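Have a look at the structure below, then the notes.
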Amino acid sequence: MPELPEVETVRKALEKAVINKKIIDIYHGNKGLRFPFPYQFKQRVIGKTILKPRRIGKYCILPLNSKQKILLHLGMSGKVRILDKKPKLGNHDHMLINLEDEIYILLTDPRRFGFVDLIEGKERNNKFIKKLGPEALSSGFTGKYFYSLVKNKERNIKSILLDQSIVAGLGNIYVNEVLFITGISPKRKGKNISLRKCFNLVKNIKALLLSAIKEGGTTIKDHLQPDGKLGYFKIKLRVYGKTKSKCFICGFLIKEIKQLGRTSFYCGKCQS
DNA sequence: CACACAACCTGCGAGC
DNA sequence: TGCTCGCAGGTTGTGT
């Protein structure tokens, strides 16, 4: 599920519900997710207070009043729920943070590709954060910057955009969508993309992410429903998953290919 | 250095 | 109905 807009939706919900709340207790399984839970995680954060949640790319960061930060990545199937009473834990519930005032943060992740880390000290020194390029929505991610990285690359644009060390936050859905919007084939080599196209691409990436976040925002108010489900937005997809249906611009059939083991969807006429 | 690919897990839907 | 296969929104480590 989670690319940048989904993580932002989670961040906003957390900001609303858990800011300035003290951590009373933490449960986590021994099994671990993609990586084991931090060493003595519970002992290290219990009694601390959560400050304003932040996000970098697909990472959600919960700063504490101790200068520590809880780092959360949702992988492919991670979900966060905010509950107002203690839930009975299911098989795929891996972490439950019990806050004061009967607030609970539940992390569920069937595939266990997500993970949790605890940052002590400088965030930029964290092994995960320091690999990231500029955040997609930040002012540092510009057409000029992007062109400077892209212009010498043999790789195709699809893999460049998925590379979090070049730009942080895009995943398979949004890369497919934005390449369609910009009229660039996913097979096009980086070095064959003009400065002008890079400007367009960056502009379209930001606009697409912002509109997805905006749509996600409309359902956030439901975050304390009894079932605790966070409302994810449903953006209108133009090509993703649309194999063999008609391109809504030109009517050609949308094609599907594999790149880096992942599926790319594109219109052979509108994208080149 | 730049890039491709397998591996990590589980659930679900398509097809037989 | 029930089984097997392939595929899924991500990232790391290894190998060429």
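Values in this document were obtained by computation on a predicted structure and should not be read as measured data.
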Heavy-atom nearest pair, N176(A) first then V239(A), reads O-CG2, 3.5 Å

Considering only heavy side-chain atoms of F35(A), the closest of dT12(C), dG9(C), dA4(B) is dT12(C)

Under a 3.5 Å limit on both distances, the Watson-Crick or wobble mate of dC16(B) is dG2(C)

Open item on the list: For dC9(B) and H92(A) - does any side-chain N or O of the residue sit under 4.0 Å from the phosphate oxygens OP1/OP2?
Closed with: no

E256(A) atom CD is separated from dG6(C) atom C1', nearest whole Å, by 12 Å

Original post:
Can you find a side chain N or O atom of K58(A) that sits less than 4.0 Å from OP1 or OP2 on dT11(C)?
Top reply: yes

| Any R112(A) side-chain N or O less than 4.0 Å from OP1/OP2 of dT10(B) | yes

Rounded to whole Å, the CG-C1' distance (L132(A) to dT11(C)) equals 11 Å

- Message: For a quick test of reading the model: is some side-chain N or O of T263(A) closer than 4.0 Å to OP1 or OP2 of dA8(C)?
- Response: yes

Separation of dC9(B) atom C1' from F115(A) atom CZ, nearest Å, is 15 Å

Ignoring backbone atoms, establish whether R34(A) has a side-chain N or O less than 4.0 Å from OP1 or OP2 of dA7(B).
no

When both distances are under 3.5 Å in a Watson-Crick or G-U wobble arrangement, the nucleotide paired with dG15(C) is dC3(B)

Value for CZ (R55(A)) from NZ (K12(A)), rounded to nearest 0.5 Å, stands at 9.5 Å

- Query: Got a donor-acceptor pair under 3.5 Å from the side chain of R262(A) to the base of dA8(C)?
  - Reply: no

_Under 4.0 Å, counting only non-hydrogen atoms across every strand here, what does F128(A) touch: a base, just sugar-phosphate, or nothing?_
sugar-phosphate

Phosphate oxygens OP1/OP2 of dT11(C): is one of them under 4.0 Å from a side-chain N or O of H73(A)? yes

Worksheet item: Going by ring centres under 5.5 Å and near-parallel planes (under 30°), is F113(A) stacked on dT11(C)?
Response: no

- Message: So that I can tick it off, tell me whether E215(A) and K236(A) are bridged by a salt bridge, with the cut-off set at under 4.0 angstrom between side-chain N and carboxylate O.
- Response: no

Y59(A) has its side chain closest, among dT10(B), dT11(C), dA8(C), to dT11(C)

Reckon Q164(A) has a side-chain N or O less than 4.0 Å from the OP1 or OP2 of dG10(C)? no

Between CG of L208(A) and P of dG9(C) the distance, given in whole Å, is 16 Å

Rounded to whole Å, CG of N176(A) lies from P of dA8(C) at a distance of 11 Å

Of dT10(B), dT11(C), dG10(C), the nucleotide closest to the side chain of K31(A) is dT10(B)

Just to be sure I understand the rule, does K127(A) reach a base, reach only the sugar-phosphate, or reach nothing, if contact means heavy atoms closer than 4.0 Å? nothing

Sorted by position of nearest nucleotide on DNA chain C, 5' first, the leading residue of R111(A) and K131(A) is R111(A)

Aromatic F35(A) / basic K127(A) pairing, under 6.0 angstrom, 45° off normal
yes

Check: Does R155(A) make a side-chain N or O approach to OP1 or OP2 of dA2(B) shorter than 4.0 Å?
Finding: no

Exercise. For residues K258(A) and T263(A), is any side-chain donor paired with an opposing acceptor at under 3.5 Å?
Worked result: yes

Smallest heavy-atom separation, P38(A) atom then V116(A) atom, equals CD-O, 3.6 Å

Rounded to whole Å, CE of M76(A) lies from P of dC12(B) at a distance of 15 Å

When rounded to whole Å, the CG to P distance for the pair N91(A) and dC12(B) reads 12 Å

request  = Decide, yes or no, whether a salt bridge links E100(A) with K21(A) under the criterion of side-chain N to carboxylate O below 4.0 Å.
outcome  = no

P-based separation of dC9(B) from dT14(C) [nearest Å]: 15 Å

Whole-Å distance, K79(A) NZ to dT10(B) P, equals 16 Å

- Query: So what does G171(A) touch, heavy atoms closer than 4.0 Å: a base, only the sugar-phosphate, or nothing?
  - Reply: sugar-phosphate

